[in-house]
Amino acid sequence: MSQTEGVYGYSAVLMGSPILLKLFEHNQTLASQVFRLIKQYEDLLTVNRAESQVMSINHAAGKHPVTVSRPVFELIKCAKAASQFPDSIFNLAIGPLVKRWKIGFKGDSVPPEQDIAALLPRTQPHQVVLDEAEGSVYLAHAGMEIDLGAIAKGYIADRVRDFLRRQGVEQGLINLGGNVQTLGSPEGGWSIGLKKPFSEPDEMLGVIEVANKSVVTSGVYERYFELDGKRYHHIIDPRTGYPLDNDLESVTIVSTDSLDGDIWTTLIYGMGVEKGCAVLANRPDIEAIFVTRQREIILSSASQFRFTLLDDGYQLIT
Ligand code: ADP
Ligand code: MG
Ligand code: MG
């Protein structure tokens, strides 16, 4: 536990990242409950271990449907829907390509073209077959794999918020590493740093102030490898099978639910600034902050947060 200015911080390492919980009163029991809750959801959703409900679905690919718990079913249903939005690069069936590239893990390398071509047909969202009545998920072809890596943290951040709210907590913050979810509005808002791409973790481009909102950042600097001067990062374009290549270094989404933040960071990352802003013009509940290679910070709109620029090497465009 740490304490600064009446805020109590609790930390743990879960889901492969440092997790931080902030509360306005000292409550170790509550903090332990939160960390246990996160661990329980991780155990259901992970694909980075031999066993989980999602792994059971993957092991049964091409063989039989697997009945899963309701939250897992609902999350997969939501992920399938997001995979089928117009122009979506979000793809819940991207697993075989993620496993092949191993980006950010030991042994990452550029796969031979024929390997990618062979895996692409195994990544089709419509072949994730859902049975509402049974609560089951069936992957219609052998070799298919669901990967919820892009949305698990958002989903879990929302469950933590709901849990804290049920416990009567009025002000709190959970940071799952890339996903921040907040309750309440201490002194006008929570301040969340916008990271400077490819810099030290504590170097900030600016500060985002929110109340009762989620702030999710997906950055190409988080997990990548370089080969012959080219950078390969961890969001795979399901149309090509290769890491997405554009001018964006990070996309941040401010929204009520962190699950929406996770889905939209990926969607918007695939659309780029112009198309992304056009699409978000119809979604006042979802707002984006783009950071480009050209050192611009572009806000799609800013009705749910306040942004303060800290780095004069960057230009703020609103
Ligand atoms: P982080 O792990 O840094 O929070 P993201 O939230 O952006 O990063 O999610 C990246 C993860 O999402 C990848 O590690 C992979 O598991 C998964 N993924 C990669 N490409 C896609 C895609 N096109 N659609 C859905 N999930 C993806
Ligand atoms: Mg994430
Ligand atoms: Mg994400």
Side-chain angles (χ1 to χ4, degrees), residues 14-19 38 41-42 45-49 52 54-55 58 75-76 78-85 87-106 108 111 116 119-120 122-125 128 144-158 160 174-181 195 197-198 201 214-225 232-246 248-253 255 257-272 288-291:
L14 290 163
M15 302 189 288
S17 23
I19 307 259
I38 295 170
Y41 279 114
E42 181 189 13
L45 301 172
T46 185
V47 292
N48 295 322
R49 284 191 223 143
S52 72
V54 174
M55 283 310 288
N58 291 347
L75 184 58
I76 290 174
C78 175
K80 182 178 173 181
S83 307
Q84 295 179 319
F85 286 168
D87 303 313
S88 178
I89 66 133
F90 184 92
N91 183 336
L92 87 162
I94 200 77
L97 285 166
V98 172
K99 286 278 160 67
R100 185 64 188 82
W101 278 92
K102 296 201 199 86
I103 293 169
F105 290 94
K106 238 180 94 180
D108 49 12
I116 290 176
L119 292 172
L120 273 174
R122 295 283 167 266
T123 61
Q124 303 208 37
V128 178
M144 286 181 72
E145 286 177 59
I146 287 179
D147 180 340
L148 302 178
I151 57 170
K153 281 185 191 175
Y155 177 78
I156 297 171
D158 292 339
V160 169
I174 183 80
N175 184 345
L176 300 183
N179 286 72
V180 178
Q181 180 58 284
K195 278 191 195 168
F198 306 103
S214 154
V215 179
V216 178
T217 298
S218 188
V220 300
Y221 51 85
E222 281 172 53
R223 270 193 277 142
Y224 65 95
F225 69 97
Y232 297 90
H233 65 80
H234 67 327
I235 302 171
I236 309 281
D237 185 339
R239 299 165 296 198
T240 63
Y242 285 79
L244 204 76
D245 193 10
N246 63 25
L248 293 174
E249 295 202 326
S250 73
V251 175
T252 297
I253 297 285
S255 56
D257 285 339
S258 206
L259 177 58
D260 282 330
D262 264 349
I263 290 171
W264 281 92
T265 45
T266 308
L267 290 179
I268 291 291
Y269 195 76
M271 292 176 188
I289 301 168
F290 302 86
V291 178

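Just follow the structure's listing: the first ligand is 1, and inside any ligand the first atom is 1.
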**Message:** If the condition is ring pair (Phe, Tyr, Trp, His ring centres under 6.0 Å), which residues does His234 pass it with, not counting sequence neighbours?
**Reply:** none
**Request:** For the pair Trp264 and Phe85, name the ring-plane relationship: parallel under 30°, tilted 30 to 60°, perpendicular over 60°.
**Result:** tilted
**Request:** Mark up the atoms of ligand 1 that fall under 4.0 Å of a heavy atom belonging to Ser218, in ascending order.
**Result:** 5 (P), 7 (O)
**Request:** Please could you name the atoms of ligand 1 that Phe90 approaches to less than 4.0 Å, counting only its heavy atoms?
**Result:** 24 (N), 25 (C)
**Asked** Taking N or O atoms only and a 3.5 Å limit, does Ile236 qualify as a polar contact for ligand 1?
**Response** yes
**Asked** Is the shortest side-chain N to carboxylate O distance from Glu42 to Arg49 below 4.0 Å?
**Response** yes
**Asked** Is there a heavy atom in Gly178 that sits closer than 4.0 Å to ligand 1?
**Response** no
**Item:** Distance-minimising heavy-atom pair for Leu176 and Met15
**Value:** CD1-CE, 3.9 Å
**Request:** Indicate the ring-plane relationship of Phe225 and Tyr232, choosing parallel, tilted or perpendicular according to the 30° and 60° boundaries.
**Result:** parallel
**Message:** Regarding ligand 1, does Asp237 bring an N or O atom to under 3.5 Å of one of the ligand's N or O atoms?
**Reply:** no
**Item:** Asp262-ligand 1 polar pair, N/O distance under 3.5 Å
**Value:** no
**Interatomic spacing from OG in Ser218 to CD in Glu249 - rounded to 0.5 Å** = 12.5 Å
**Message:** Asn91 versus ligand 1: do any nitrogen or oxygen atoms come within less than 3.5 Å of each other?
**Reply:** yes
**Request:** Would you mind finding which of His234, Lys153, Arg239 brings a heavy atom closest to atom 8 (O) of ligand 1?
**Result:** His234
**Message:** Side chain or backbone, does Ile89 bring an N or O within less than 3.5 Å of an N or O on ligand 1?
**Reply:** yes
**Item:** With sequence neighbours excluded, residues passing ring pair (Phe, Tyr, Trp, His ring centres under 6.0 Å) with Phe90
**Value:** none
